Protein chains: 2
Amino acid sequence: MGDEEFLASYDPRAYDPVAVAIDVVALTIRDGALHVLLVRRGVPPQEGRWALPGGFVRSGAHAEGLDAAAARELAEETGVHADALDRVHLEQLAAYGAPERDPRMRVVSVAYLAFAPEMPEPRAGSDAADAAWTPVPSLGLTGHGSQRPGTTRRLAFDHAAILTDGLERARSKLEYTALATTFCAPEFTIPELRAVYETVWGEELHAGNFHRKVLSVPGFVESTGATSDRGGRRGGPRARLYRAGDARLLHPALLRPSREEEIR
Amino acid sequence: MGDEEFLASYDPRAYDPVAVAIDVVALTIRDGALHVLLVRRGVPPQEGRWALPGGFVRSGAHAEGLDAAAARELAEETGVHADALDRVHLEQLAAYGAPERDPRMRVVSVAYLAFAPEMPEPRAGSDAADAAWTPVPSLGLTGHGSQRPGTTRRLAFDHAAILTDGLERARSKLEYTALATTFCAPEFTIPELRAVYETVWGEELHAGNFHRKVLSVPGFVESTGATSDRGGRRGGPRARLYRAGDARLLHPALLRPSREEEIR
DNA sequence: CTAATAGTGTCTGTGAGACAATATATC
DNA sequence: GATATATTGTCTCACAGACACTATTAG
């Protein structure tokens with residue numbers, strides 16, 4: 001049987017139905033704290049709970065690829081428009097497909113990870129009752145994909161586990177890529193960049209060593225020649241301004257100080 | 001509307017059908033060359049072409065998770081049995097969902113990456129006309145997800161791109177994890193371990209420096225006290241035997257010598 | 001015997017991290 | 001003026017890579 005003959009006799013509905021969804025872990029930094037974009041579900045199941053923005057991948061006549069679906073969901077369900085999206089880094093995180101993760105039917109979700117500079121408060125989209133940048137520490141994540149008892153905003157489905165994976169990926173990506181600059185405005189100071197690392201990693205870094213290290217990595221940042229119009233928050237000289245360089249990977253890498261625990 | 005009421009009225013077949021498949025990039029080392037497990041397709045579409053082993057995820061009554069589906073496909077379509085599987089490392093690679101990647105219907109495939117020690121020749125499973133460990137260099141990969149013109153074994157669908165991604169992931173994983181030992185027998189010598197790195201990375205390493213480096217990373221290997229019963233291939237003293245240690249991550253990492261090209 | 005290899009020792013350059021010093025902001 | 005901060009300098013230790021050396025095995 002040739003391909004044409006086979007395809008004519010092929011019935012896609014002969015199998016048990018499966019849906020493919022997209023969920024986006026969109027991270028940004030606001031007021032010196034790491035925030036994740038959440039929407040409050042306006043429809044069942046789990047109506048009223050907070051969840052990662054997402055939805056089903058379009059198939060059939062208006063079929064779209066996974067990357068396109070993720071960009072669309074991020075824009076659509078939050079009011080972040082396409083022109084702001086090109087300053088957002090978007091990459092695939094992982095696929096989640098436990099049989100009982102969604103009560104409606106078998107849903108396999110492809111999660112994406114987004115790094116965004118500071119953005120306006122989102123407005124809720126179609127199926128969402130609300131949308132908000134939410135401080136990650138307020139979610140009480142345990143590090144094992146669950147939330148501590150008593151946390152106010154319980155996440156829907158397995159979204160706590162997806163978010164945990166996204167955070168770990170983000171922490172790791174800052175080590176060996178130049179993506180920390182995507183959390184910053186187009187022009188930024190080294191102390192601002194250091195604040196990004198400190199916020200995502202959750203540890204304080206040595207200001208002097210960090211400064212020298214960033215400037216020593218080729219292509220990480222390039223000088224604008226200009227100087228910030230204000231000094232540090234609580235005093236100090238004005239810092240020089242930089243923009244992102246052309247390096248995608250940091251070499252040598254900027255490693256987290258303490259990860260002894262994770263080795264074994 | 002509550003969850004129960006909503007679910008009773010929910011019709012999964014209202015959407016355009018999508019299938020979720022698994023594809024496995026299974027790598028091993030044979031005769032000093034990197035090999036990937038391929039099956040020759042015994043059914044349309046692309047009947048007769050070589051492809052990554054895989055199949056559709058089971059849904060409905062005998063639903064399985066993604067990891068379980070990958071392990072089942074690897075065992076089923078190749079005759080690698082469950083007892084041999086526990087010496088295989090299996091991890092998720094990425095999801096591929098371009099709308100036209102499969103002519104039958106919309107198929108989103110979740111690819112897995114497997115590292116296996118030397119194994120017997122596979123036997124073809126249900127839908128496969130043949131199965132074989134295939135030398136990766138013989139596939140003429142370009143590094144951009146395509147194959148050089150004139151290559152004998154053209155891979156089906158987008159499997160050349162998936163394989164390219166899997167190889168890059170494998171190269172990268174050897175740098176900062178202890179997974180190189182999963183390519184080896186339970187007891188191995190440092191020169192054998194070095195051969196794994198040289199084969200996957202495609203570059204020769206300095207024997208003396210590699211030896212000292214491996215022993216200096218805590219938990220990478222542990223001595224068995226025994227000694228190999230033969231010397232090197234073309235002479236030299238017998239090497240000492242080691243087994244895999246308890247470290248999952250290498251600290252400090254074992255970096256590839258030359259990756260200047262990939263930075264920008 | 002000859003050639004290749006396992007394993008160790010040594011040296012040098014780079015870079016990370018601790019600490020210090022100075023100038024310049026904020027409050 | 002008191003204090004915090006940006007930036008640069010210095011020192012030390014760890015480590016990667018180059019090279020050298022010895023003992024041991026295959027052919």
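Every value quoted in this text rests on a predicted model; they were computed, and no experiment measured them. Here is how names work: the chains are called A, B, and so on, in the same order as the sequence lines, proteins then strands, and each is numbered from 1.
Within the 4.0 angstrom heavy-atom criterion, base atoms lie near B/R212. Across all strands, B/R238 comes closer than 4.0 Å only to sugar-phosphate atoms, never to a base (heavy-atom distances).
Picking from D/dT8, D/dC15, D/dA18 the nucleotide with the shortest atom distance to the side chain of A/H211 gives D/dT8. Closest approach to the A/P191 side chain among C/dT26, D/dA6, C/dT10 is made by D/dA6 (side chain taken as heavy atoms from C-beta onward). Comparing D/dA6, C/dC19, D/dA18 against the side chain of A/A239 picks out D/dA6 as the nearest. Considering only side-chain atoms of B/K213, the nucleotide from C/dG17, D/dT5, D/dA16 that sits closest is D/dA16. Comparing C/dA23, D/dC19, C/dT8 against the side chain of B/H206 picks out D/dC19 as the nearest.
Atom CG of B/L193 is separated from atom P of C/dG7 by 12 Å (rounded to the nearest Å). Rounded to whole angstrom, the span from the CG atom of A/L255 across to the P atom of C/dG17 amounts to 8 Å. The nearest whole Å value for the distance from the CD1 atom in B/I190 to the P atom in C/dG7 is 7 Å. The CG atom of B/L215 sits 11 Å away from the C1' atom of C/dA6 (whole-angstrom rounding). B/L250 has its CG atom 11 Å from the P atom of D/dA16, to the nearest Å. Taking atom NE2 of B/H251 as the reference point, atom C1' of D/dA16 lies 15 Å away to the nearest angstrom. Atom pair B/E204:CD and C/dA4:C1' shows a separation of 13 Å (rounding to whole Å applied). Rounding to whole angstrom units, CG of residue A/N209 and C1' of D/dA14 are separated by 15 Å.
For A/R30 (side chain) and A/M119 (main-chain N/O), a donor-acceptor pair under 3.5 Å exists by modelled atom type. Without hydrogens or angle criteria, B/E198 side chain to B/L205 main chain gives a donor-acceptor distance under 3.5 Å.
Applying the 4.0 Å criterion to OP1 and OP2 of D/dA26, one finds that B/R230 has a side-chain N or O inside that range. Side-chain nitrogen and oxygen atoms of A/R234 include none within less than 4.0 Å of the OP1 or OP2 phosphate oxygen of C/dT26.
Mapping A/R194 and B/G208 onto DNA chain D via the closest heavy atom, the residue that lands nearer the 5' end is A/R194. Along DNA chain C, the nucleotide nearest to A/D229 and the one nearest to A/V217 differ in position, and the one closer to the 5' end is contacted by A/V217. Nearer the 5' end of DNA chain C, as judged by each residue's closest nucleotide, is the contact made by B/R240, out of B/R240 and A/A253.
The shortest distance between side-chain heavy atoms of B/D23 and B/Y112 does not fall below 4.5 Å.
In summary, the aromatic rings of B/F210 and B/Y197 are positioned with their centroids under 6.0 Å apart.
Taking 4.0 Å as the cut-off between side-chain N and carboxylate O, B/E203 and B/R256 do not count as a salt-bridged pair.
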